[in-house]
A.B. asks: 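Attaching a single structure in structure tokens format; questions to follow.
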Amino acid sequence: METLEQLRDRLLARFPGAEVSVVTNPGPAAQHSLLLGPAHARAIALFLRDDPALKLDQCSNVTGVDWPDKQITDTVRTPVLDAAGATVRILEEKTTRLRPGYLEIVYHLYSIALRHGPVILRLRTTNRTDQVTAPSLTPVWRACEFQEREVFDLFGVVFDGHPDLRRILMWPEFKDHPMRKDYVEPDDYEWEPTPHGTVLEKAKGHYPPPAAGPAAKTEELKN
Amino acid sequence: MQSSLKSNFSPSALQPFSPSIAGSHVRAVHDEFHGDLLEVSMGPHHPSTHGVFRMIVTLDGETIVKLKPVFGYLHRNHEKIGENTTYLASMPYTDRLDYLCSMTNNWAYALAVEKLAGQPVPERAEYVRVILAEITRLLNHTCLAGFLMQDCGCSGTPLMYAFREREYILDLFEALSGSRMMCNYQRFGGCRVDPSSDWLAGAKKLTDRYGAFLDEFEALLTGNEIIMARTQGVGRLSPELAVSAGVTGPMLRATGVNHDLRKVDAYGVYSRFDFRVPLGDHGDVYDRYMIRVLEMRESIRILQQALAGLPAGPIIDPGAKLRGFRPKPGEAYGRIEGPKGEIGFYLISDGTPNPLRYRVRAPSFVNLTVLEDMCLGHTVADAVIILGSVDIVLGEVDR
């Protein structure tokens with residue numbers, strides 16, 4: 001199979017104006033990936049599936065990754081020289097910048113017909129709060145159907161063009177997205193509003209007020 | 001008197017009910033039969049759903065016209081727990097995914113972490129892993145065949161035969177790892193303990209007598225007329241849909257697609273063994289049963305070769321680091337051919353002791369994508385055996 005850089009160049013030639021870049025993986029696995037812009041993602045996916053040299057007919061794994069906002073510190077080191085040109089000391093200048101967070105969707109593609117892979121695709125949302133839409137690849141590979149629903153459920157990515165985008169593992173009334181890094185568990189998972197809440201509220205008026213506990217006693221002492 | 005009253009009464013002669021009378025609280029009663037669609041909730045607490053799985057089935061008469069699976073009753077956010085703990089501490093937790101096949105879950109996770117960290121594995125450990133994975137395949141396929149027959153209505157007998165064999169295998173697992181089902185046996189860079197010569201003799205004995213059990217089991221079931229009538233042509237799956245939907249494992253091979261990761265990826269030392277990949281023709285429930293039986297026969301062949309060729313040496317790489325294990329930043333996706341299909345782990349490391357992302361690609365979860373496509377047009381009783389032939393374990397589906 002061609003290298004990822006060759007594939008990127010071929011995609012850029014085939015889809016002018018598309019955003020395609022290679023994301024390198026520094027680890028020993030060296031499974032590098034292609035980062036796609038949302039505009040051409042589905043067309044490129046379709047091309048990867050149908051291209052006779054690639055035939056990536058199996059989408060094995062779909063998952064999300066949450067990248068929260070991150071403070072990045074850049075250090076610039078400037079050597080201070082004396083008249084003879086020797087280094088006296090090194091000035092360190094630190095600047096911090098904020099890398100805005102985003103949600104990432106990762107697709108692992110393989111070819112059953114030609115037995116190669118994986119080609120890894122990545123899509124990114126604009127941010128983590130209000131612009132969390134990404135194009136759905138379910139029309140290209142049916143395998144994405146449940147897995148994209150899971151990413152929607154657990155990460156909160158809204159897939160544009162998904163046929164049945166509902167929660168899949170959490171229950172429908174659940175509000176948050178538990179796989180996000182900043183998710184805080186509720187105190188009581190089991191609580192849910194009951195239709196008799198107002199009745200119970202009214203019923204409180206018919207019971208005697210709560211007995212004078214330690215708090216009431218301290219009030220008396222103060223007076 | 002009464003009979004004359006009855007004969008005088010004619011409903012069509014009465015005025016039709018008018019709901020327009022002000023202040024009327026009477027509702028019109030429709031007593032005629034409409035033949036509407038019926039929505040039935042199968043599960044979550046039903047023995048045929050193999051756990052807490054639910055299907056919302058829409059029926060026209062007894063024919064299924066729509067089927068929507070409902071997941072999540074066993075969801076405990078395995079992935080979040082994996083991200084909040086160290087790499088090694090997730091190893092026992094992978095046992096709980098597919099609790100029939102803890103050895104292959106361990107291996108898939110160990111393989112992904114070894115890819116992430118560039119960790120080599122000694123040859124003896126690779127052989128032991130193959131032996132355990134193939135014994136796990138025997139265990140899983142035997143149980144599945146028993147459960148499938150139970151779903152077909154062969155009440156008890158095949159399942160008890162299967163569970164008798166399962167006990168022998170679980171005894172082996174217990175002797176090696178100390179636990180029957182939650183083995184927690186693999187480590188990054190090898191295995192936890194070295195199998196003794198007694199244990200290897202036990203595994204050899206099991207391998208030698210398993211063929212006789214399969215003969216007995218098949219004599220009971222494979223040519224059985226009722227089972228053929230019940231399963232042939234039911235739940236057909238086309239190879240194109242199976243590939244597009246990411247179906248893997250025996251379900252994919254039953255449709256005739258030659259895709260077995262033991263051959264394709266040749267991970268571990270699988271390239272050294274001589275075995276064949278059984279393929280089906282029709283992709284129906286009967287083919288899925290047959291593929292599993294044939295795979296068991298091939299597993300016996302692999303086991304014989306692996307037990308005969310087991311080399312001496314260390315069981316775990318001497319450089320393997322268990323405490324303070326921090327892989328370099330990077331990511332890796334490792335997959336193996338589990339008994340249910342492709343089980344994969346996707347890990348992202350940021351150089352800390354915990355993974356930044358820990359993802360489980362569960363085969364039976366993805367295989368359920370096509371459940372509706374297979375069940376449409378069949379009856380409710382067929383949906384039960386189609387679900388049985390998918391081979392799901394809810395610990396893995398819901399994670």
Side-chain angles (χ1 to χ4, degrees), chain A residues 23-33 49 55 57-67 70 104 106 108-118 120 122 138-147 149-151 153-154 164 166-172 174 178-181 183 185, chain B residues 68-77 79-80 83 112 114-119 239-248 252 257-259 261 263-265 327-335 342 344-349 356-357 359-362 365-370 373 397-399:
Chain A
V23 180
T24 47
N25 175 1
Q31 292 174 338
H32 310 298
S33 42
R49 188 193 71 182
K55 276 199 187 161
D57 47 9
Q58 188 195 27
C59 179
S60 169
N61 179 39
V62 182
T63 187
V65 188
D66 182 18
W67 299 97
K70 194 179 176 187
E104 193 172 55
V106 186
H108 285 81
L109 311 177
Y110 287 88
S111 170
I112 289 182
L114 302 179
R115 295 197 169 185
H116 58 68
I120 305 169
R122 306 181 100 89
T138 307
V140 185
W141 294 283
R142 176 81 190 279
C144 303
E145 185 182 343
F146 284 1
Q147 303 193 67
R149 265 178 75 183
E150 191 188 320
V151 174
D153 187 359
L154 302 183
D164 185 21
R166 289 179 291 138
R167 283 191 180 271
I168 187 164
L169 293 174
M170 307 303 282
W171 53 102
F174 193 79
M179 278 305 287
R180 292 211 183 177
K181 292 286 179 193
Y183 171 72
E185 296 170 28
Chain B
K68 289 290 170 205
V70 181
F71 305 92
Y73 292 94
L74 213 58
H75 180 57
R76 66 271 188 203
N77 218 337
E79 295 176 4
K80 188 84 174 179
E83 286 170 18
E114 282 153 12
K115 272 193 178 181
L116 183 71
Q119 169 71 50
E240 296 79 24
L241 177 61
V243 169
S244 169
V247 172
T248 44
L252 178 64
V257 178
N258 187 357
H259 183 73
L261 295 183
K263 292 277 189 193
V264 175
D265 283 6
K328 290 190 186 79
E331 61 173 59
Y333 179 64
R335 56 176 196 166
E342 173 188 329
F345 283 82
Y346 174 61
L347 299 161
I348 300 182
S349 166
L356 187 128
R357 180 81 181 100
R359 151 85 178 161
V360 186
R361 193 264 187 209
F365 175 68
V366 183
N367 285 359
L368 279 175
T369 310
V370 289
D373 302 67
V397 172
D398 289 344
R399 280 160 292 147

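Below, read A as the first sequence line, B as the second, and so on, with proteins coming before strands; counting in each chain starts at 1.
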A.B. asks: What I want to find out is whether A/Glu150 reaches B/Arg399 closely enough, with some N-O distance under 4.0 Å, to be called a salt bridge.
C.D. replies: yes

A.B. asks: Quick check: do B/Arg357 and A/Val106 have side-chain heavy atoms less than 4.5 Å from each other?
C.D. replies: no

A.B. asks: May I ask you to name which of A/Arg122, A/Arg49, A/Arg167, A/His116 has the most heavy-atom pairs under 4.5 Å with chain B?
C.D. replies: A/Arg122

A.B. asks: Please report the shortest heavy-atom distance between A/Phe146 and B/Leu368, naming the atom on each side.
C.D. replies: CE2-O, 3.7 Å

A.B. asks: Looking at B/Pro327, B/Ser244, B/Gly72, B/Gly118, which one has more heavy-atom pairs under 4.5 Å with chain A than the rest?
C.D. replies: B/Ser244

A.B. asks: Taking the six-membered ring of A/Tyr110 (Phe, Tyr or Trp), confirm whether the NZ or CZ of B/Arg335 is under 6.0 Å from its centre and within 45° of its axis.
C.D. replies: yes

A.B. asks: Given a strict heavy-atom distance threshold of 4.5 Å, which part of B/Tyr73 is in contact with chain A: side chain, backbone, both, or neither?
C.D. replies: neither

A.B. asks: Closest approach of A/Gln31 and B/Tyr333, non-hydrogen atoms and distance?
C.D. replies: OE1-N, 2.8 Å

A.B. asks: Can you see which heavy atom on B/Thr369 is nearest to which on A/Arg142, and at what distance?
C.D. replies: O-NH2, 3.2 Å

A.B. asks: If you look at every heavy atom in B/Ala117 and A/Pro28, which pair is closest and at what distance?
C.D. replies: C-CG, 3.8 Å

A.B. asks: Stepwise, does the side-chain contact (heavy atoms from CB on, under 4.5 Å) test hold for A/Asp153 with B/Phe71?
C.D. replies: CA-CA 12 Å; A/Asp153 187 359; B/Phe71 305 92; over 6 Å; no

A.B. asks: What residues form a ring-ring contact (aromatic ring centres under 6.0 Å, His included) with B/His259, not counting sequence neighbours?
C.D. replies: none

A.B. asks: If you look at every heavy atom in B/Leu356 and A/Lys181, which pair is closest and at what distance?
C.D. replies: O-NZ, 2.7 Å

A.B. asks: Using the test side-chain contact (heavy atoms from CB on, under 4.5 Å), find all partners of B/Lys80 that sit at least two apart in sequence or belong to another chain.
C.D. replies: A/Met179, A/Tyr183, B/Asn77, B/Asn84

A.B. asks: Given heavy-atom pairs under 4.5 angstrom as the criterion, report whether the side chain, backbone, both or neither of A/Gln58 touches chain B.
C.D. replies: both

A.B. asks: Which heavy-atom pair separates B/Asp398 from A/Leu169 by the least distance, and what is that distance?
C.D. replies: O-CD2, 3.7 Å

A.B. asks: Of the listed residues (A/Ser60, A/Gly27, A/Ala29), which shares the most heavy-atom pairs with chain B below a 4.5 Å separation?
C.D. replies: A/Ser60

A.B. asks: Is it the backbone or the side chain of B/Glu83 that comes under 4.5 Å from a heavy atom of chain A, or both, or neither?
C.D. replies: side chain

A.B. asks: Check whether B/Asn258 gets within reach of chain A through its side chain, its backbone, both or neither, counting any heavy atom under 4.5 Å.
C.D. replies: both

A.B. asks: Let me know if B/Val243 has heavy atoms under 4.5 Å from chain A in its side chain, its backbone, both or neither.
C.D. replies: both

A.B. asks: Any donor and acceptor pair, going by atom type alone, linking the side chain of B/Arg359 with main-chain N or O of A/Gly64 inside 3.5 Å?
C.D. replies: no

A.B. asks: Of the backbone (N, CA, C, O) and the side chain (C-beta and beyond), which part of A/Asp164 lies under 4.5 Å from a heavy atom of chain B, both, or neither?
C.D. replies: side chain

A.B. asks: Side chain, backbone, both or neither: which part of B/Val257 has a non-hydrogen atom closer than 4.5 Å to chain A?
C.D. replies: side chain

A.B. asks: Please flag which part of A/Asn25 lies under 4.5 Å from any non-hydrogen atom of chain B: side chain, backbone, both or neither.
C.D. replies: side chain

A.B. asks: Answer with side chain, backbone, both or neither: which region of B/Glu79 has an atom nearer than 4.5 Å to a non-hydrogen atom of chain A?
C.D. replies: both

A.B. asks: Quick one: are B/His75 and A/Leu154 in side-chain contact, heavy atoms under 4.5 Å?
C.D. replies: yes

A.B. asks: Pick one of side chain, backbone, both or neither for B/Ser349, based on which atoms fall under 4.5 Å of a heavy atom in chain A.
C.D. replies: neither

A.B. asks: Of the backbone (N, CA, C, O) and the side chain (C-beta and beyond), which part of A/Pro26 lies under 4.5 Å from a heavy atom of chain B, both, or neither?
C.D. replies: both

A.B. asks: Under 4.5 Å from any heavy atom of chain A, what part of B/Leu241 do you find: side chain, backbone, both or neither?
C.D. replies: side chain

A.B. asks: Working to the nearest 0.5 Å, report the span between CD of A/Gln147 and CZ of B/Arg361.
C.D. replies: 6.0 Å

